[in-house]
Amino acid sequence: MKKTKNSFKLLFLVIAFIGMNWTLFSNKTSVLAKEKQVITVGTSGQTKPMNYFDTQKQLTGFEIELLKKMENQLDDIEFKFEITEFASLFAGLDSNKFDLVANNLGEGKERREKYLFSKHPYIITHNVLITQTGQPKNLTIGDLKGKSIGVVPSSPQSQFLEAWNKENPKEAVTIKYVDSDPSQIIRDVHTGKFDATIYATTYLNDVKKTFGIDLQSHPIKEEAAIRPPGSYFIFRKDDLELRNRMDQVIEEFRQDGTLKQLSMDFLDEDNTQLTQDLIVQNEQAEKEMMKETAKVKDSNRTKTDGKLFAPEIIPTIIKDLLPKLPITLLITIVSALLGLTLGFLIALVKIKKVPVLSQILTLFVSFMRGTPQLIQLFLAFYGFPLVMEALNQRFNFNINVNNIPAILYVFIALGLNEAAYTSETFRAAILSVDKKEIEAARSIGMKNSQILRRIILPSALIVAVPSLANSIIALLKGTSLAFTVTVIEIMGQARIIGGANLRFFEAYIGVALIYWIFCILIEQLSSKLEKRLTKGLSTN
């Protein structure tokens, strides 16, 4: 009996010992898991073959797979990818939303001054001028005087062309800003939408391989002015430790062939070997960066140097935005007139329940109200040219769709969207008119046109004005999408300014203030109009 008790006692001690050690092991594992640092990487996911979504909707590409391999090498780091548009990458870095950005990014003077770069590029590619085939060899920017060149806003290519136009006004090119991925812009050159573009051979080769189209490339003598060859991860200045750890792994991958294999997998060639000139150049940049970091702030710095937020430059930014204000107002006015006119006609057709036409317009209104404005804008910008080409083939027309101004597509897209919303406003307002008033007007011999003009419209407008004002305010704000299809209005100008000085937050505050002021003005005007209509109706 005593032996049995001792056995139970021993068993209890063993279980207790195992339990204590398991608890310690679990706690240790938990602590280790908690210590794993999550690094947020900003990328566009549209820069194939560097970063893109494959057919399984998985984010991949040279940069993405490189970071995943680095994650396996660095046990205490986990990379989390956040997708955003190109112009928001640096704004996200400034606001601490991202810890680093990866988007085939090259260096530039402003970027070097404000951010921390990988010590050496992980890939080396060259920018070329891309045109349709059949052009003379070795074209220069000067040879394209007056021609259209499609570029992404805030990119090194766009800044290079802006500087070119400023320095060479007699040989200025037409810059077409478009928020699109490199593949689409290069294909737009092939279709003739743009006369040329500037992109790295990486993208050009991928488009040729993927879509089987032929394009011509021309070396750019001033390539270093666009961006020196090489792509880097970019960090905030205070993330030197993270940068150094990642640099060490990249160098290990360069030595053991991992980097070369990734280049072969995604680019079909080895673009990872550093030249001696590039090594010397980056070593010098690193020394200057370290020297600058060690310096105490001196009096020679400008007021905005090194500041996270510089509100004093907002008035200057607003002044630079104002030249593009007429374009914003023109889009708003033309689209509003188109929308109000079509909206009123649609409302009448639906009230009268015109056979077939009423059903078609109901479907139209449902579609326009149920899809985003941005999609409608893209459908107009890319879809109408296809319709025109079809008409050209069917009826032997000779319309050059590439000569149609992009702003026309903006008028159509925003005007039709406005028509869909205002049609419901007009319909509800007209149906709200007292039927007794209409019957009374008919009893004294008024014609339908007179009843519409003197009875229905005055009463309906009083009901409709507040909703119509809200629609126009929404339309004004919707004009900010025009920049995605090459039309530069105040939002587009803000992004260009932000791309030039990397003060995106200040630029967005400036453009927000302009929108806000005009929205207040529309509200005030609608309020006065409503009071005047009410007073006029009561007088009658």
Side-chain angles (χ1 to χ4, degrees), residues 40 42-46 82-101 103 105 108 110-111 113-115 151-159 162 175 177-180 234 236-237 302-332 372-374 377 410 414 473-523:
T40 305
T43 186
S44 70
Q46 293 185 331
E82 290 283 347
I83 306 302
T84 188
E85 59 182 1
F86 176 83
S88 298
L89 289 172
F90 293 104
L93 198 59
D94 289 339
S95 63
N96 291 334
K97 183 178 180 182
F98 308 138
D99 297 301
L100 67 99
V101 288
N103 209 71
L105 296 168
E110 293 82 5
R111 290 181 183 178
E113 288 175 354
K114 190 171 182 181
Y115 301 110
V151 290
V152 173
S154 307
S155 64
Q157 292 89 344
S158 68
Q159 293 173 43
E162 289 157 11
I175 305 173
Y177 298 96
V178 56
D179 260 348
S180 189
I234 300 181
R236 287 185 298 276
K237 282 275 179 106
T302 64
K303 291 182 180 179
T304 60
D305 277 346
K307 293 178 70 175
L308 185 63
F309 176 50
E312 62 270 23
I313 69 171
I314 293 176
T316 303
I317 288 174
I318 291 176
K319 183 180 176 183
D320 292 337
L321 292 174
L322 291 179
K324 298 300 179 182
L325 182 59
I327 297 176
T328 294
L329 296 179
L330 176 65
I331 295 171
T332 304
Q373 276 184 311
L374 183 60
L377 198 56
V410 178
L414 297 185
I473 287 173
L475 174 61
L476 172 66
K477 292 184 287 187
T479 61
S480 62
L481 299 174
F483 192 48
T484 61
V485 291
T486 77
V487 177
I488 310 173
E489 32 62 72
I490 56 173
M491 183 61 193
Q493 186 71 356
R495 292 176 63 180
I496 292 170
I497 292 170
N501 60 20
L502 296 177
R503 291 286 176 183
F504 287 100
F505 189 57
E506 291 86 342
Y508 291 153
I509 288 177
V511 77
L513 290 173
I514 294 176
Y515 281 121
W516 186 26
I517 290 169
F518 275 89
C519 286
I520 291 172
L521 288 175
I522 293 171
E523 287 175 351

Original post:
Any idea how Phe86 and Phe90 line up, ring-wise: parallel (<30°), tilted (30 to 60°), or perpendicular (>60°)?
Top reply: perpendicular
**OP:** Decide side chain to side chain contact (heavy atoms under 4.5 Å, CB included) for Arg111 and Leu105; before the verdict, give the C-alpha distance in whole Å, the side-chain angles of both, and the deciding distance to 0.1 Å.
**Re:** CA-CA 10 Å; Arg111 290 181 183 178; Leu105 296 168; 4.1 Å; yes
Subject >> salt bridge (Lys or Arg N to Asp or Glu O under 4.0 Å) partners of Glu162, counting only residues at least two apart >> reply: none
Subject >> Reported OG1-to-CG distance for the pair Thr484 and Leu377, which is rounded to 0.5 angstrom >> reply: 4.5 Å
Original post:
How far does CD1 of Ile497 sit from CD1 of Ile313, to the nearest 0.5 angstrom?
Top reply: 9.5 Å
Original post:
Would you say Asp94 and Phe505 make side-chain contact, with heavy atoms under 4.5 Å?
Top reply: no
Subject >> Side-chain heavy atoms of Ile514 within contact of Leu322, under 4.5 Å >> reply: yes
Subject >> Gap between atom OG1 of Thr479 and atom CZ of Phe518 - 0.5 Å precision >> reply: 10.5 Å
Original post:
CD1/Ile509 to CD1/Ile314 distance, rounded to the nearest 0.5 angstrom?
Top reply: 4.0 Å
**OP:** Nearest 0.5 Å please: distance from the CD1 atom of Ile488 over to the CZ atom of Arg495.
**Re:** 11.5 Å
Original post:
Measuring from Glu82:CD to Ser88:OG, what's the distance to the nearest 0.5 Å?
Top reply: 12.5 Å
Original post:
Within the side chain of Asn103, is there an N or O that forms a donor-acceptor pair under 3.5 Å with the backbone of Thr43?
Top reply: no
**OP:** Please report the C-alpha distance between Phe98 and Arg236 in whole Å, then the side-chain angles of each, then the deciding distance to 0.1 Å, and finally whether the side chain to side chain contact (heavy atoms under 4.5 Å, CB included) criterion is met.
**Re:** CA-CA 9 Å; Phe98 308 138; Arg236 287 185 298 276; 5.5 Å; no
Subject >> Residues forming a salt bridge (Lys or Arg N to Asp or Glu O under 4.0 Å) with Asp320, sequence neighbours excluded >> reply: none
**OP:** Indicate yes or no: at least one non-hydrogen side-chain atom of Val151 is less than 4.5 angstrom from one of Tyr177.
**Re:** yes
